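Encoded as structure tokens, the structure appears first; notes follow it.
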Protein chains: 2
Amino acid sequence: MAGVSRSTVSYALSGKRSISPETRRRVDDAIRELKFTPNAGARSLRTAQTGVLGLLVQFHEDEFAPAMLQYILPITETARTLGYDILMMTENDGAEALTRAAESGMVDGLILLDVIDGDPRVDALRATHQPGVLVGLPGDTRGLDVVDLDFVAAARNLVDHLVELGHRDVVLVSPPRHVFDRGGTYSWRFRDAAVQRASEIGLKLTARYGESQQPAIDANLHEILDESPDATGLIMHNDASVAALPRLLHERGVRVPDDLSVVSLYSRDFARWFSLPYTAIESSPGLLGKVAITQLTQRIAHGDDAGPHGTRLVAAEIVDRGSTR
Amino acid sequence: MAGVSRSTVSYALSGKRSISPETRRRVDDAIRELKFTPNAGARSLRTAQTGVLGLLVQFHEDEFAPAMLQYILPITETARTLGYDILMMTENDGAEALTRAAESGMVDGLILLDVIDGDPRVDALRATHQPGVLVGLPGDTRGLDVVDLDFVAAARNLVDHLVELGHRDVVLVSPPRHVFDRGGTYSWRFRDAAVQRASEIGLKLTARYGESQQPAIDANLHEILDESPDATGLIMHNDASVAALPRLLHERGVRVPDDLSVVSLYSRDFARWFSLPYTAIESSPGLLGKVAITQLTQRIAHGDDAGPHGTRLVAAEIVDRGSTR
DNA sequence: TGTCGTCGTCGAATCGATTCGACGGACAGT
DNA sequence: ACTGTCCGTCGAATCGATTCGACGACGACA
């Protein structure tokens, strides 16, 4: 229709060779007239690039799903601004899904969400030789790009915050025990840092396991609060439990911060969804997603030249919502 | 490696022509040995099928995101069991995203989530001539496959439930006014059915608009409760508001069901995430997703032969959680 | 006037699968 | 022994883009 060869059209589209203004105009007109859109399959066959990133979301049985959502949305948005679409895979067998997507060439790269130590998806990723980035820190990170929150700094900040206000006896509610056992490194990275910091500065800190499913959550929290009647501070590191806390404290007649100072770790969105009024470390899922995708796309574009593989720990800032005294 | 032609391998894989056991064995061995996986791009180029469904998630500014998640998960799972992967698109300009995915042949079909009346994505879908299914009912459904909850039956059930218990004065909290204005048909389908049913059987029903963002939610609920002091029943049709309700009622010292009977409309998952103790119509996002995907894949496979286009309203069942008396 | 570079365009090869028609061999029926 | 089927396999065409080498036209320069 434009009276030129297909190669000329391709060059007009990609700009990889110069094109006379006249020809470019005719090509553009024809494209508009014919409503032409390049076929993704053909393009990916030829270029071995798809413009799609695989997002592997792992819903461990007892995962608190809304917490995952905070990551998914910013990731898809950031990816889009960089020209990528997101193929979301939520299968139980994440390793198999990853392999399938990678080997068949459906994706240019992979994002692994909520990675734990010993995560089978990590082995699968290593085996595919596809660019990938982990959100969540496993034990062995050799040759991997990893992004995670700096849970150690977060825990220290919260402990310091309470100590500065004069608290001498606080309770920490961690994720459930099986999250520790399963390899959720954020659980012990946070707890151990909190415990250590507390002992450094002479704070009595009682670390307890939380629960992640109702009705166990309520029973567990009641028990924890009953058993530490003298504690004046509460550090919540457990999404499902902190979501239930406001109602539970009301039931117990505990006023925050008058009777109890509460601090936690969650995102602004999470706080909004669950009307959480607590001073908290901002877990910055948006920033994490952005860093992860940026890193991944650079790895896709430049391979090993994009710099050394490594772990990026995102700094944690505290948002004061007035729940401490 | 198997000593056969490529076409034979293809037939061995697809089973579209018979293959001798001997040859099949050699092909399988070679495939395993070489770790061969068909290339998705090449396959989709040749067959014009991708094995991918586009999922268009629309986050209206004030959408309550966790509510959306209930739909996304079952959809990806159902799709997978039927052999499809999910390309998730969350862009603001959903119509553009839809067109891009469809025209470039990235997907075999489209799922539109949270469709409203006058939704620009519906026009875009019509323009592409791609199979698609809507979750959420627009005004004009000609030629479309639509799946939605039967909000009319749901509203009637809840009204009847309260009336049978002897309530004579109840309040309905609907979605925010701008959801009505914007074309969220579920909002008025539910409200109008409730109002009509109430008038049929002589129940005083005060319909109010809710809010969807804190802190407006709390102020709004307090106001609504203050202005209907004699109401003995509360019907909540508003995800964000009902999520805040348990805490708010505690603050007001209102006991459920002793002082107030509360019914609502949400899913089991939603109830779990937000510890909601109210008797409610089960909104069945899992079933809706399943029906939608099943319908879509049949449309993909059989086109217009898959039966007439139409709207499937999924029946709503009540789950008694003991919040009424 | 002849040579060389640059610019814009074209033709052909290529990516990796699927599928159609053809074809040779085995076997049954007469 | 001949014909006709059926079965298993192959070769070649095809899907729709990208890209490399080639080539003609044109201007610059000697």
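When reading the values below, keep in mind they use all heavy atoms of this one structure, side chains included, and skip hydrogens, waters and symmetry mates. In this text, all values refer to a predicted model and were calculated from it rather than measured experimentally. So that the names make sense, note that chain A is the first sequence line, chain B the second, and so on, each numbered from 1.
Going from atom CZ of B:Phe36 over to atom P of C:dG16 covers 10 Å, rounded to whole Å. Remark: C1' of D:dC6 and CZ of B:Arg17 are 13 Å apart, rounded to the nearest angstrom. Nucleotide D:dT18 holds its P atom 13 Å from the CD1 atom of A:Ile19, rounded to whole Å. Rounded to whole angstrom, the span from the CD atom of B:Glu103 across to the C1' atom of D:dG16 amounts to 15 Å.
Counting atom types as modelled, A:Tyr11 pairs no side-chain N or O with a base atom of C:dC7 as donor and acceptor under 3.5 Å. For a distance-only test at 3.5 Å, the side chain of B:Arg26 fails to qualify as a donor-acceptor partner of the base of D:dG8.
Within a 6.0 Å sphere centred on CD of B:Glu33, other residues, nucleotides and ligands contribute 12 heavy atoms or fewer. Atom CG of A:Asp123 has more than 12 neighbouring heavy atoms from other residues, nucleotides or ligands inside a 6.0 Å radius.
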Identify the pairs formed between an N or O of the protein and an N or O of nucleotides 23-26 of chain C at a distance under 3.5 Å, and give each distance.
none

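Residue B:Lys16 places at least one side-chain N or O closer than 4.0 Å to OP1 or OP2 of C:dT19.
A heavy-atom distance below 4.5 Å is not found between the side chains of B:Leu149 and B:Tyr186. By the 4.5 Å heavy-atom criterion applied to side chains, B:Asp85 and B:Arg80 are counted as neighbours. Looking only at side-chain heavy atoms (C-beta outward), A:His60 and A:His178 stay at 4.5 Å or farther from each other. Under the 4.5 Å side-chain criterion, counting only non-hydrogen atoms from C-beta, B:Tyr71 is not in contact with B:Ile111. Within the 4.5 Å cutoff, side-chain heavy atoms of B:Leu13 are placed close to those of B:Ile31. Inter-residue side-chain proximity for A:Ile19 and A:Thr8 is flagged as met; some heavy-atom pair is nearer than 4.5 Å. A:Ile300 has its side chain within reach of A:Tyr84: a pair of non-hydrogen atoms, C-beta onward, lies under 4.5 Å apart. In this structure the side chain of B:Asp114 never reaches within 4.5 angstrom of the side chain of B:Phe59, judged on heavy atoms.
Within the nucleic acid shown, A:Ser104 has no heavy atom closer than 4.0 Å to any nucleic acid atom. At the heavy-atom level, A:Ser10 lies under 4.0 Å from base atoms of the strands shown.
Non-hydrogen atoms lying under 4.0 Å from DNA chain C are contributed by B:Asn39, B:Ala42, B:Arg43, B:Leu45, B:Arg46, B:Thr47, all within residues 39-48 of chain B. Taken residue by residue, residues 1-8 of chain B places heavy atoms nearer than 4.0 Å to DNA chain D at B:Gly3, B:Val4, B:Ser5, B:Ser7, B:Thr8.
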Requested in this report: Please report the C-alpha distance between B:Arg25 and B:Asp29 in whole Å, then the side-chain angles of each, then the deciding distance to 0.1 Å, and finally whether the salt bridge (charged side-chain N to carboxylate O under 4.0 Å, His left out) criterion is met.
Outcome: CA-CA 6 Å; B:Arg25 197 189 51 71; B:Asp29 286 353; 2.9 Å; yes
